Amino acid sequence: MRVRVLLFAALREKAGREFEDLELGSGSTLGDAVGLLQARHPSLGSLGSSVRLARNLEMVDVTTLLSDGDEVALIPPVSGG
Amino acid sequence: MRFAISPSALDRAAVVASVASDAAGAIVTFEGTVRRQSRGREVVRLEYEAYAPMALAVFASIAADAQSRWPQVSLAIHHRVGVCGIGEASIIIVAVSPHRAEAFDACRLAIERLKTDAPIWKREIYTDGAEWIGQGS
């Protein structure tokens, strides 16, 4: 399956990219996608518990299963408003 | 439009107009503005970045939450992205209601929830550097 991972703010700057398209096997989770992303972009470093995860515009946890065409986002600590 | 992410200056009148109604006895507005001092440093400008589709979904969710608590309240939320200068508004929230108590409460709820839940990030540009700001600032 193919998923797109969006990067924002400090993570976007560290990776030097706004998004990354990943090919993953069926049964992959958010955690698998994050691991593959980190392998591709070591500059991201270890993300820590403060980075949240979104799948198709909703906050999810690292165990959530992915589907083909999903849009995933890494949400670093927010500061809107 | 009740919920908006805008690259240009926010329009207070437009945000009010998006929820104005002749049932309203109270209109409560919150504006977040860019101040000159932050963290002991002098700010030149702010830069905002948003995951826009999700931010808009969060705005709608906040409004739905407010409506479940105070059924007669309507909320509008507009947030700026891109460069925001000193004194400019980064966010405008308007709550309208027949009575003022719910309007104040809903407006307060909206800004507090937005600050923890909305996928929007602020970068402070100082005279001597720049920094992405983390949660709740």
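All values reported here derive from a predicted model rather than from experimental measurement.
Connection of A:L37 to A:V62 is established within a shared hydrophobic cluster, with ILVMFWY side chains joined at heavy-atom distances below 4.5 Å, either directly or through further cluster members. Residues A:V51 and A:V34 share a hydrophobic cluster, clusters being chains of Ile/Leu/Val/Met/Phe/Trp/Tyr side chains in contact below 4.5 Å. Residues A:L47 and A:L53 fall within the same hydrophobic cluster, defined by Ile, Leu, Val, Met, Phe, Trp and Tyr side chains chained together at heavy-atom separations under 4.5 Å. Following chains of ILVMFWY side-chain contacts shorter than 4.5 Å, one cannot reach B:I62 starting from B:V96, and the two form parts of different hydrophobic clusters.
Between the side chain of B:H79 and the backbone N or O of A:G80 there is no donor-acceptor pair closer than 3.5 Å.
Of the two parts of B:A50, only the backbone, made up of N, CA, C and O, holds a non-hydrogen atom closer than 4.5 Å to a non-hydrogen atom of chain A. B:Y48 touches chain A through its side chain: at least one heavy atom from C-beta onward sits under 4.5 Å away, while N, CA, C and O do not. The contact between A:A54 and chain B is made entirely by side chain atoms (from C-beta outward), counting heavy-atom distances below 4.5 Å. Proximity to chain A involves both the backbone and the side chain of B:I120, based on heavy atoms less than 4.5 angstrom apart. Only the side chain of A:E13 comes within contact range of chain B, judged by heavy atoms closer than 4.5 Å.
B:R100 CZ: 12 or fewer foreign heavy atoms inside a 6.0 Å radius. Under a cut-off of 6.0 angstrom, the local environment of CZ in B:R113 is crowded, with over 12 non-hydrogen atoms contributed by other residues, nucleotides or ligands. Taking a 6.0 Å sphere around CD of A:E18, one finds it holds 12 or fewer heavy atoms contributed by other residues, nucleotides or ligands.
Nearest heavy-atom pair, B:T116 versus A:R52, reported as atom, atom and distance to 0.1 Å: O-NH2, 2.8 Å. A pairwise comparison of heavy atoms in B:S90 and A:G81 identifies OG-O, 3.4 Å as the closest pair. Looking at every heavy atom in both residues, A:I75 comes nearest to B:P119 through CD1-CB, 4.1 Å.
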Run the side-chain donor-acceptor check on residues 70-77 of chain B: report pairs under 3.5 Å with partners two or more places apart or on a different chain.
none

Open item on the list: For B:M54 and A:E71: C-alpha separation, side-chain torsions, deciding distance, then whether side-chain contact (heavy atoms from CB on, under 4.5 Å) applies.
Closed with: CA-CA 11 Å; B:M54 187 176 172; A:E71 179 173 285; over 6 Å; no
TODO: Walk me through it: do B:W121 and A:R12 pass the test side-chain contact (heavy atoms from CB on, under 4.5 Å)?
DONE: CA-CA 12 Å; B:W121 298 271; A:R12 175 181 55 71; over 6 Å; no
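Taking CG of A:L6 as the reference point, atom OH of B:Y51 lies at 5.0 Å (rounded to 0.5 Å). Annotation: the span from A:S79 atom OG to B:K115 atom NZ amounts to 8.0 Å, rounded to 0.5 Å.
In the hydrophobic clustering, B:V28 connects to B:F104, either directly or through intervening members, whenever side-chain heavy atoms lie under 4.5 Å apart.
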